[in-house]
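The block underneath contains the structure these notes are about, expressed in structure tokens.
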Amino acid sequence: MVSVFQETWNEGEAKGIIEMGHDFGLSEEDILARLQKKLNVSLQKAQEYLYAYRKQNA
């Protein structure tokens with residue numbers, strides 16, 4: 001079970017990874033792989049982060 005603190009931390013980290021990935025022109029697949037590796041999350045959770053923060057930046 002993930003604590004509220006850990007989830008909040010992961011959200012902040014995910015946002016940074018996604019923004020940096022877009023800045024460097026990485027593909028969505030590369031960004032998803034980085035999210036999974038750095039945050040130790042499932043593909044589904046990485047996709048949720050990507051979708052959430054991609055929409056905020058659009």
Side-chain angles (χ1 to χ4, degrees):
M1 184 171 172
V2 177
S3 70
V4 173
F5 174 78
Q6 185 65 46
E7 181 62 24
T8 302
W9 177 268
N10 282 354
E11 288 175 4
E13 290 290 307
K15 185 176 180 182
I17 292 167
I18 293 164
E19 288 175 353
M20 191 173 294
H22 286 301
D23 289 346
F24 283 98
L26 297 178
S27 69
E28 287 192 356
E29 292 80 19
D30 288 338
I31 294 171
L32 287 170
R34 287 176 185 268
L35 288 168
Q36 287 179 275
K37 182 178 178 182
K38 297 286 186 183
L39 302 178
N40 193 30
V41 296
S42 67
L43 175 59
Q44 180 180 353
K45 190 65 177 176
Q47 289 169 330
E48 290 173 13
Y49 288 139
L50 183 63
Y51 180 74
Y53 295 115
R54 180 179 56 206
K55 289 195 64 107
Q56 286 183 358
N57 295 329

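Scope of the values below: all heavy atoms of this structure, side chains included, with no hydrogens, waters or symmetry mates. The structure displayed is predicted, hence computed values, not measured ones.
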Step by step, work out the side chain to side chain contact (heavy atoms under 4.5 Å, CB included) result for L39 and Y49. CA-CA 11 Å; L39 302 178; Y49 288 139; 4.0 Å; yes
Looking at every non-hydrogen atom in both residues, tell me the closest pair between L35 and V41 and how far apart they are. O-CG2, 3.8 Å
E13: which residues meet the salt bridge (charged side-chain N to carboxylate O under 4.0 Å, His left out) condition with it, sequence neighbours left out? none
Which residues pass the side chain to side chain donor-acceptor pair (under 3.5 Å) test with E28, sequence neighbours left out? R54
Do I18 and W9 belong together in a cluster built from hydrophobic side chains that touch within less than 4.5 Å? no
Working to the nearest 0.5 Å, report the span between CG of L26 and CG of L32. 11.0 Å
With rounding to the nearest 0.5 angstrom, report the CE to NZ distance, M20 to K15. 13.0 Å
Residue pairs passing the salt bridge (charged side-chain N to carboxylate O under 4.0 Å, His left out) test where at least one lies in residues 33-49, sequence neighbours excluded: E7-K45, K45-E48
Return yes when atom CG of N40 has more than 12 non-hydrogen atoms of other residues, nucleotides or ligands closer than 6.0 Å, and no otherwise. no
Which heavy atom in A46 sits nearest to a heavy atom in Q36, and how many Å separate them? CB-CG, 3.9 Å
Could you give the distance from CG (D23) to CD (E19), rounded to the nearest 0.5 Å? 7.0 Å
